[in-house]
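Data block below; observations after.
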Amino acid sequence: MIGLLLLLAAAGAPRFDLVLSAGRVIDGTGAPWVRADVGIRGDRVAAIGDLSRAKATRRIDVHGLTIAPGFIDLLGQSELNVLVDPRAESKIRQGITTELTGEGVSPAPMDEEWVHERADWLRKYRLTVDWSDLRGYFRRLRRARPAINIGVMVGAAQVRGVVLGFSDVQPTPAQLARMQQLVEQAMEQGALGVSTGLIYQPGSFAKTPELIALARAAAKHGGFYATHLRSEGSRIFEALDEAFTIGREARIPVEIWHLKVGRSHWGHMQDVTARIEQARANGIDVTADAYPYVASANQLSSSLPEWVNAGSVDDMVARLRDPSLRERIAKETGRDLDADAILLVSCVDPTLKKYMGKKLAEVAKEMDVPPEIAVMQLVAQDRGQVGVVRFTMKEEDVQTALRQPWVAVDTDSGARAVDGPFEAEGAHPRAFGTMARVLGHYVRDVKLFTLEEAVRKVTSLPARRMGIWDRGILRPGAYADVVVFDPERIEDTATFEAPRQYPRGIETVIVNGRVVLHEGKRTAERPGRALTRSP
C-alpha cells in the first residue's frame, strides 16, 4: 500500500521546476534558432522541445523572446567586488551569469604585503582579507553567496609579489621553483590557468623565460595562459610574438585579453589579426576577446614611467614627493601624455571627487598646473587609486577585432550597481552595457554578425576557453544558466557621460536553475558558485 502511494505521488509530481515556453532558442553553438520550450529541473537543463503538456511548478511564457545560455564575461575583475556587493547587479542585468577574473593579480596567493598594497581600497569598502590561498578565497566567496559564477586565474604578478616583492628583480632558480610551486598549488585548488598583466608592475618586470616556466606549471594541470600583452601600441607585434612563444614552449593554450591597438597603430588591427591567424595555422592554440568600445580603462598611475611605479605603493608615493625627482618624472610623464584623451572616473580620497567625470586637461586647468604635474599630484594624493578612461582606439579596429570567429567578449570591469557600496563610484560604460551593445548595436544596427554568432561569442566560445564544458550551451544535462532577452529591444544605455545605466531588453536571467532577474526586476536569489577546474 505504501509503495502504491509513493508511486502515485511520483506520478503526480511536477516533471520540471521551471519551463520557459515558446521562445526562440539559440543554443550557443552558432546554429540557427529554433522554436522550443526549455525545461529546468534543479540546477540543470532537463529538456528542450515541445513541453506544452509537461507538468511544471512554474511556467514563464517567453513567446517573441530569445532564450540563450547565460552570458560569460571572459575578463570581469570582480574577485573582490562580489565580496563587497554579492548582488553583482551590473553583470546580472547584462545577462552575465559567469565571469573569469584575475588579470595578472589575483585573490591568491595572498600575503601581508599584497594586503598593504590594497589597503586603501579595502578600508574604503570595509573588506577584510582573511585568506592566504585560493581554497580560502573560495571559502569566503561561498559565504558571500554571489549572484554570478566566478572562475579565477592565478596571477603571475601575484605570485611574483609574494616571492620577489614589487621591485625590478629577477628570480634565482630556487625562487622560480617556488613561484612554480605556488602556481601549481593554485591550480590544484581550482584555478583555471595562469595570467599576466604585462604593462603593470610588478608583472612588467617578468621576462619571457619566467613566464614560460609559470605557464608550464599551469599546463601540467590542464590550464591555459591569459595575457594583457606587454604592448598594445608601438611594440604590439613583439608582444604577440612573446605570447606565441609562451604558448609554444609551455604547450599551453593562449588567450589574449581585450585585444586592441592604440593610437600609434590605428588601422592596423587587420595586421594584428593576420598575425594571430598565422600563429593558429602554425598549431598554436591562441584566441582572444575584446570589448565593444573605443576607450580603455585603468589607473592614472599607468601614465607614470615604469621606474616610478616600481616597488610598493609607498615607494611610488615617496618618489612622486621627492623634490629631486619631480623634474625628471614630469618630463618623462609628459612625453606621451594626451590630457584630452583621459577621463577621470573614480577615486578613493573623497576630496578628489570634484574632479571625477572630467578630462585630465580640464582638471589640470582647475589645479592651475601642467597635465603631467596634475598626474603626479593626483596619483600621490590618492595613493595610485585614481581610475581613468582612455580614448585610445578607433571604431574600425574595434569592429575588425570583434568580427573574428575566435574573438569572444569581455567587460574588463568589476561588478557594481547604481545603488549600494559602489553607488558613488564612476565607471566605464562597458561595466553596464557590454553584452547589450554586442547583441543590439553590433548585430541589429551595424550588422557585424548574426545574432546566433553574437550569442556564441558570449557563451560557448568563452566557456570552451575556460574549460567549462557544461556551461555556455543549452542542452539537456548542462547547468541551467539561461538568459531571456528581446532581440528587437536589447540596447546599451550606458554612455561615457552617464555610464551607470542598466541596459534594456534583458527580461529574465537564471543562474544554476534559480531565477535572479524576472521581467527586468531583481529577485532575492544569489545562487552563483565558484567554478573550479576538476583535478
Could you tell me whether the side chains of [X] and [Y] share a donor-acceptor contact shorter than 3.5 Å?
X	Y	answer
Ser312	Glu113	no
Gln77	Glu103	yes
Arg471	Thr459	no
Gln381	Thr351	yes

Applying ring pair (Phe, Tyr, Trp, His ring centres under 6.0 Å), can you list everything that pairs with [X], at least two apart in sequence or on another chain?
X	value
Tyr225	none
Trp406	none
Tyr502	Phe432
Tyr200	His228

Shortest non-hydrogen contact between [X] and [Y], atoms and distance:
X	Y	result
Ala147	Pro527	O-CD, 4.0 Å
Gly104	Ser195	N-OG, 3.0 Å
Asp85	Ala417	OD2-CB, 4.1 Å

Is it the case that more than 12 heavy atoms not belonging to [X] sit under 6.0 Å from its [atom1] atom?
X	atom1	result
Arg143	CZ	yes
Lys354	NZ	no
Arg280	CZ	yes
Arg248	CZ	yes
Asp336	CG	no

According to salt bridge (charged side-chain N to carboxylate O under 4.0 Å, His left out), does anything in [range] pair up with another residue at least two apart or in another chain? List the pairs.
range	answer
residues 508-517	Arg514-Glu525
residues 148-158	none
residues 410-424	Arg87-Asp419, Asp412-Arg430, Arg416-Glu425

Main-chain N/O of [Y] paired with [X] side-chain donor or acceptor, under 3.5 Å:
X	Y	answer
Glu210	Pro171	no
Lys91	Ser78	no
Thr196	Leu198	no
Lys260	Val398	no
His428	Ala295	yes
Thr97	Val511	no
Lys220	Ala215	no
Asn149	Arg529	yes
Ser167	Val169	no
Asp481	Asn512	yes

Working to the nearest 0.5 Å, report the span between CG of Leu192 and CG of Leu100.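 Going from the CG atom of Leu192 to the CG atom of Leu100 covers 6.0 Å.
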To the nearest 0.5 Å, what is the distance between CG (Leu344) and NZ (Lys358)?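 Leu344 CG to Lys358 NZ: 10.0 Å, rounded to 0.5 Å.
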Flag side-chain contact, heavy atom, 4.5 Å: [X] against [Y]:
X	Y	value
Leu164	Gln175	yes
Val261	Ile236	yes
Ser106	Met153	no
Leu320	Leu325	no
Ile246	Val254	no
Arg526	Pro146	no

Please lay out, stage by stage, how Ile342 and Ser303 fare under the test side-chain contact (heavy atoms from CB on, under 4.5 Å). CA-CA 10 Å; Ile342 298 176; Ser303 297; 4.1 Å; yes
Salt-bridge present ([X], [Y]; N to O < 4.0 Å):
X	Y	answer
Asp322	Arg319	no
Asp314	Arg383	yes
Arg230	Glu242	yes

According to the interplanar angle, ranging from 0 to 90°, do the rings of Phe496 and Tyr293 count as parallel (below 30°), tilted (30 to 60°) or perpendicular (above 60°)?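 Ring orientation, 0 to 90° scale: perpendicular.
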Going through the checks in order, is the salt bridge (charged side-chain N to carboxylate O under 4.0 Å, His left out) test met by Asp285 and Arg251? CA-CA 9 Å; Asp285 180 1; Arg251 298 191 176 190; over 6 Å; no
Who passes side-chain contact (heavy atoms from CB on, under 4.5 Å) against [X], sequence neighbours left out?
X	answer
Gln181	Arg178
Ala408	Leu74, Asp289, Leu461, Pro462
Ser460	Arg456, Arg464
Gln185	Asp133, Leu182, Gln189

List for me each residue that meets salt bridge (Lys or Arg N to Asp or Glu O under 4.0 Å) alongside Glu255, sequence neighbours excluded, and say none if there are none.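 Glu255 satisfies salt bridge (Lys or Arg N to Asp or Glu O under 4.0 Å) with Arg465 once adjacent residues are dropped.
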Take Thr98 and Phe71 through the test side-chain contact (heavy atoms from CB on, under 4.5 Å) and record every step on the way to the result. CA-CA 7 Å; Thr98 294; Phe71 305 152; over 6 Å; no
Residue from Val483, Thr508, Ile506 passing side-chain contact (heavy atoms from CB on, under 4.5 Å) with Leu517: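 One option only clears the test, and that one is Ile506.
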Centre-to-centre under 6.0 Å for Phe166 and Trp114, is that the case here?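 Yes: the rings meet the under 6.0 Å criterion.
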Run the numbers on Val458 and Ile72 for side-chain contact (heavy atoms from CB on, under 4.5 Å), then give the verdict. CA-CA 5 Å; Val458 299; Ile72 297 175; over 6 Å; no
Quick one, Met435 with Val438, criterion side-chain contact (heavy atoms from CB on, under 4.5 Å). Give me CA distance, side-chain angles, the key distance, then yes/no. CA-CA 5 Å; Met435 298 300 172; Val438 169; 5.7 Å; no
